[in-house]
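Here the structure is laid out as structure tokens; the discussion comes afterwards.
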Amino acid sequence: MSSELDMITVPILGKETVKVGFGLNEYVATEILKEFQSSTYIVITDSNIAPHHLEPFERTFRNTIKKNGAESRFLSYIIPPGESSKCRAMKAEIEDWMLSQSCTRDTLLIAMGGGVIGDLVGYVAATFMRGIRFVQMPTTLLAMVDSSIGGKTGIDAPLGKNLIGAFWQPLRVYVDLLVLHTLSPRQVINGLAEIIKTAAMWNEKDFQLLENNSSILMEEIHKPAVSGEYKYFKIKNLLQKIILSSIRTKCEVVTLDEREGGLRNLLNFGHSIGHAYEAILYPQILHGECVAIGMIKEVELARHLGVLKPNAVGRLAKCLVSYGLPVSVNDPKIKKYAGFKDCPVENLILTMAVDKKNQGSKKRVVILKAIGETYEKHATVVSDDDIRFVLSSDVKVGTFTEHSLDVVVTPPGSKSISNRALVLAALSQGTCRLTNMLHSDDTQFMMSALESLGAAKFSWEDNGETLVVEGSGGKMSPPKDALYLGNAGTAARFLTGVSALVPTKNNEHGVVLTGNHRMKVRPIGPLVDALRNNGCTVKYLEKEGSLPLSMSSESGLKGGVIELAATVSSQYVSSILMCAPYASEPVTLKLVGGKPISQLYIDMTIAMMASFGINVQKSSTEENTYHIPQANYQSPSNYEIESDASSATYPLAIAALTGTKCTIPNIGSSSLQGDSRFARDVLKPMGCLVEQTATSTTVQGPPKGKLKPLESVDMETMTDAFLTASVVAAVASNAEGDAITRITGIGNQRVKECNRIAAMVHELSKFGVRAGELEDGIYIFGKDYKTLNSPEGGVYTYDDHRVAMAFSLLAILAPSPTVVIDKACVEKTWPSWWDALRNSFRVSLHGSTIGNEQQGAVINKNASIILIGMRGAGKTTIGKIISKQLDMEFVDLDELLEDHLAMPITEVVFKLGWDAFRHEEHKLLREFIRERPHGFVAASGGGVIEMSESRKLLENYVKDGGIVLHVHRNLDHIVSYLSKDITRPAYKDQENIRDVYGRRHQWYRQCRSHYFISPVLDERVVEEKIESSMSRFLEVITGKTRSLQQLTEKNRSTFLTLNFPNVEQALPLLNEVSLGCDAIEIRVDHLKDPKAKNGVPTLDFVAEQVALLRCHTRLPIIFTVRTKKQGGLFPDDKESEALELVLSAIRYGINFVDVELGWSIESITKIYESKRNTKLLMSWHDVSGTWSWARPHEWMQKIELASSFADIIKLVGTAKTFNDNLELENFRNSVTRTMKIPLIAINMGSKGQLSRIFNKFLTPVTHPDLPSKAAPGQLSVKQLHEALALIGEIVPQKFYVFGKPISHSRSPVLHNTAYGLLGLPHTYQAYETNSVEEVESVLHSPDFGGANVTIPYKLPIMRYMDELSHEARFFGAVNTIIPTVKDGKLCLRGDNTDWRGIYDTFTAALDGMSLVGSSALVIGAGGTSRAAVYTLHHLGVSDIYLVNRTVTNSYAVQNVFPPEYNIKVLDADKVTPEEIKGVSIASAISTVPADIALPEGVDRLVKTLIATGDKQSIFLDMAYKPLHTPLMAVASEHGWRCSSGLEVLVRQGLASFQMWTGLNAPFIPVYKKVIE
Ligand SMILES: NC(=O)c1ccc[n+]([C@@H]2O[C@H](COP(=O)([O-])OP(=O)(O)OC[C@H]3O[C@@H](n4cnc5c(N)ncnc54)[C@H](O)[C@@H]3O)[C@@H](O)[C@H]2O)c1
Ligand SMILES: [Zn+2]
């Protein structure tokens, strides 16, 4: 590899410092040794670079030293790679090492590496012994053109990047292109972003060079590096040219302004905003990638300010995209690397505020006025409001206030014409200059794809106003990568045709076309069918009938007769027409299947083909048939693209809506576009004045409010304009009030970017406008514009530019500013629409992010729940439980259908057949979703998912935030249950149930957002536990769970690891072993499923196991699949199976899932995207035991990676010595200071026990009764507490009960037992006293931990309290004192937990069941009855019956409570049967002594009422002498479940315990002890 390039020197700051060449080692060594003599030369580099480049350099350098006979030393020092090395610790490490090597002031440092090495080593040089000499040998492209030049050096601080540093110029910068050989493609492209930046702001010629050479550069960049063969050999000269021009610019600018006086700031183009993104997206997204996004935002800002032409934005975007750089945070690459990191606008603006360029509080941004030219010779001051607008995802559109306006608006070129012109010019031989081209996502995708196919080369002239297309005459070859087309429908359809012309040899993969998730549901079937019939092999890679697809054919299109169904989209027709001339035989295209849609677009294609030299003959004999000759396209040298007539409808409609005047200067009656008739055929009959010449159109609207409705208008020839017409119709009213406009002929709009008809109906309703769907159209009830509403949550735009623009028109009439969500979607056809709205129509616009906030609430709150699942799986049972727990109305869709058709389902199937039945079922489901989106829970028929349309409905429902819950239970159970049911029709063709499930199984999975499987124990569904399991499940899936918050609010928390092969074995121990824990981890890798394959359990087995666990514990569950590599049992090579398990766990509403950081970023992203309300615990185990906490770079990298996704981060190291724990503590302290995500960090091994004791958040624990520890060194909760007490972290405290007499109090036993069980050093004692004054000093003693208060001091104690809880105030009594510290002072809080004992007893008995809306009975009217009433109300009871021997006392109780308590006093003597008719008591509490008999009447009434309950009912007797009271006996007789007052006492005590210690209290062992 010898150098053929000349070495070129670029001067900077008047010195010949920068040398650019190829293979420079020898030159560098010679020059350094000659020019910069020193006793010690030190190369500092990183461990990625060293293996490739250090040794050759070192060898050359040492040889040269020897040759020169010098005495100098050569040393090298290698540091870990990555930004985390650019820190104080690393600087110190290098300095200490240099000192240890006795380096002195004459040392010369050589920074061999990327920007990290350059910045760090430069800064070391700047301060070592007050400054020593250094040279740069940049090894990344970014370092070559940017960081190594200019003398900025520095390091990062925890609070920000590059905040500490110095200007320190290197003596030399040796840019050796040879080293790029080993740099990864992503890193090379990262550097290219800076090169594009420099060119874009300084030199248009350089920019053009980059534009024109992207494909060749990209080809070489992506070529795999072969050792011994220089990767960039082919393009060495080009590469040097590009690098040199960038370096020259930087040197020139730095020379003019070394210390950033103003000019040098221009180099920061793209950085003001880019840095703000980087602050969030770093380190997953590289600097250059963030700058690429920043550049686009900054040119958008320039466009918004009216300084930059819209085309320039498109041009820059195109250039960046051609280098594979992202242009928005929504770019799939960003998602791929960074997952779904949020970039909240306000955070971005806040970050921008600390930019060094700013002038005080005013932000400065580099504003371009053209490509290659800035607006000012320094960064320009820009208002926050303008920045916010550009950064925001949504736009808040102000109200229109002008009275008269007469404006001329030129919309961008037509998308249809632009796309056709691009295809035709590409397929032509020769050069064609296109003007008024539309720059949009669509054309962007089209151009990139055509370039990738080798179909054409594009370049710009006239500052980007003219696009020069060099066509390849139809010669193309398959690109390596898939062609990604976003949601660009036209591009997808046209390119499917074009791709059919690409010959692919057998061994090639063909052309792959793909798009975003919306594109993946848009139809392309008829076109594919036609191509398949013509010899192309087309494979659907995901969903039948949609992209992505792969196309291959031996020799392109065959030709001859091609039949095509053209009733869905005319684009299919145009696609085939345009490629037909290049088929092997002349083509006759027959449009079959009925009248082709949008004939005008077909005519447009034919007319344009004529301009490019091909004349299509329409058959005179056969209908809808065309003959296309076999010939080559010849492009005209110039082609002007007409403005888009659909776009033109928006400004024209504004004139109509506001009574103003607007002219479109380049569309008139001679236009090829159907939508050019909109003004004449729609606006005119609605009352506008319309003037149209051959080439222009002017509309003058009637006075505001005077538009007339159109009884019926067929818009078949201008379907895209129907959205505009709809919003105009929305305010076209008349005096009679029947202002209805009917638009027909637009059925195709259901399959555009979204279902536009449905979208219009839905969004119009938000403005208070009634509208509905017609078979092929829409009807709208117009209303007075003054009565419009302003949509509260904004207008949703469905990623559809036309929806967005149409509603921006209605928004300007709304009474208050209206948000249009996702403003960028207009980019498809009119990227500068908002700027036009603001600048031409003077509408005020502001940024908004309301849309993101809505997305944040993943679940549409209170959204109706649709249950799917096999018949017999329990949909009705579960539906009813949900209905009760969530207070939703239950609907059985089968019953609804029977009502609707007035016959039983068996008969429907029998009479109409299965297909008709499914069809009716589908209709009903659609109606349900549309009409009952909130507050319902619906059980659907088991086979509803058999029909693909219904599946689609359900899938979309889920996408919109709805819940589709798949209900399932063990298949054997279903089979035995169903064999008994004869009321429902048998399965089609008498299929067996297992086969049916086998078939449907994947469909259920496809449609469900959630999954609930019934818990099974001893081969029996645990019916009685379903409700409790369900309640915890619902908490998670509806987003009501607070488990993470609760954990973070605690001082310390722990989780218990269950590593049984089957959860059943753990159940008997569960209560005991989870004492004091805050969560339970189920180790899925330890489960033994009898049906497991290759060590992977089945999804259903795991689901049943979780279900079982969930109904036996209230603790949140952590779901962990630990692989062997990370210390578990799950096979390492089964990542996709592990992923499936985790994803399904999310669907069954698990609280936490553990995700290993070692999994691929794709898997992690997938989990992140699907997580809904489940929290992610990202974990990393250093099983190698080699990582040290003292050298934290590796750990930091894991934290950085995890932070994109994690709700909790878990790092596990290994302790070999005691000291490893201390180092871990240092690490913990330093990172948790700035880290917002809770961290679990521990060391494995018995030597690591101390780290478990120190870890505060979710420490994994074990219990001595468990058969085996999950990990060596694991401690129990008790051991943790004992250890914490020993080291003084838990200080022994004294607790009391105050009162008299209290010698029999069981409280001391209760609390002391609990302390003992959990290893707490506290004591609890009875403090009997005659005067409340006596306790005051106790309250203020330093070891006072808390106290209970009983008779007679519940009231007098209040005077010592600093604050009172709501309950203490309500009951006018304090029974618990909780000392806290507020603002450094002791604060005594008085609470009343009398009701808590009742509450906890009830919730334990209810076990997840709900009392919402039920009736309850309270016996007695003393103090306790108040607590009873209060509790019952808080449990959701809606009617409370009160019975007492003295009725006046009952009324007294009733009067204490507000009316919504619904207390009904019953007088035993006067009660009439009417009064208690229909009452059904679900719970009762007796508050009267049990040893005194009730008066006869009361007794009778109580018994009558108890008899109205059922076996779900609950009875609580507050009396516990005797333990089994007479009333309990009565309740038991009726099957009620009974609880005793003793339990209430214990639970009340434990409530205090929990308040004082923050620990979940161990009920059962304490209860046993107390009743001993
Ligand atoms: N001082 C300035 O004016 C200035 C300007 C821009 C950026 N910066 C700083 O530069 C840093 C980014 O620089 P960077 O992008 O070069 O990152 P970097 O130094 O981290 O290098 C990127 C990666 O490529 C590896 N690498 C470098 N050269 C290689 C080669 N030839 N072959 C194989 N691998 C190689 C590195 O080990 C590293 O993993 C940031 O810290 C940024 O703040 C400074
Ligand atoms: Zn930069």
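Each ligand, and each atom within it, is numbered from 1 in the order the structure gives. Along the sequence shown, the residues carry numbers beginning at 1.
- The closest approach of Glu194 to the Zn ion (ligand 2), by N/O/S atoms, is made by OE2.
- The nearest N/O/S atom of His271 to the Zn ion (ligand 2) is NE2.
- Remark: distances from the non-hydrogen atoms of His53 to ligand 1 include one below 4.0 Å.
- Counting only N and O atoms by type, the side chains of Lys197 and Asn268 include no donor and acceptor under 3.5 Å apart.
- Annotation: cation-pi geometry not satisfied between Lys19 and Tyr27 (NZ/CZ under 6.0 angstrom from ring centroid, within 45° of ring axis).
- At a heavy-atom distance under 4.0 Å, no atom of His181 approaches ligand 1.
- For atom 32 (N) of ligand 1, the nearest non-hydrogen atom of the protein is Thr182 OG1, 2.7 Å.
- The distance between the ring centers of His53 and His181 does not fall below 6.0 angstrom.
- Of the protein's non-hydrogen atoms, the one nearest atom 36 (C) of ligand 1 is Asp46 OD2, 3.4 Å.
- Look at Lys86 and you'll find a heavy atom under 4.0 Å from some atom of ligand 1.
- Counting heavy atoms under 4.0 Å from ligand 1, residue Ser147 touches it through both backbone and side chain.
- Counting only heavy atoms of the protein, atom 6 (C) of ligand 1 lies nearest to Asp146 OD2, 3.6 Å.
- Remark: Lys236 qualifies as a cation-pi partner of Phe22 under the 6.0 Å distance and 45° angle criteria applied to the six-membered ring.
- In terms of polar-atom proximity, Ile117 is not counted as a contact of ligand 1, lacking any N or O under 3.5 Å from an N or O of the ligand.
- Of all protein heavy atoms, the one lying nearest to atom 39 (O) of ligand 1 is Asn48 ND2, 3.0 Å.
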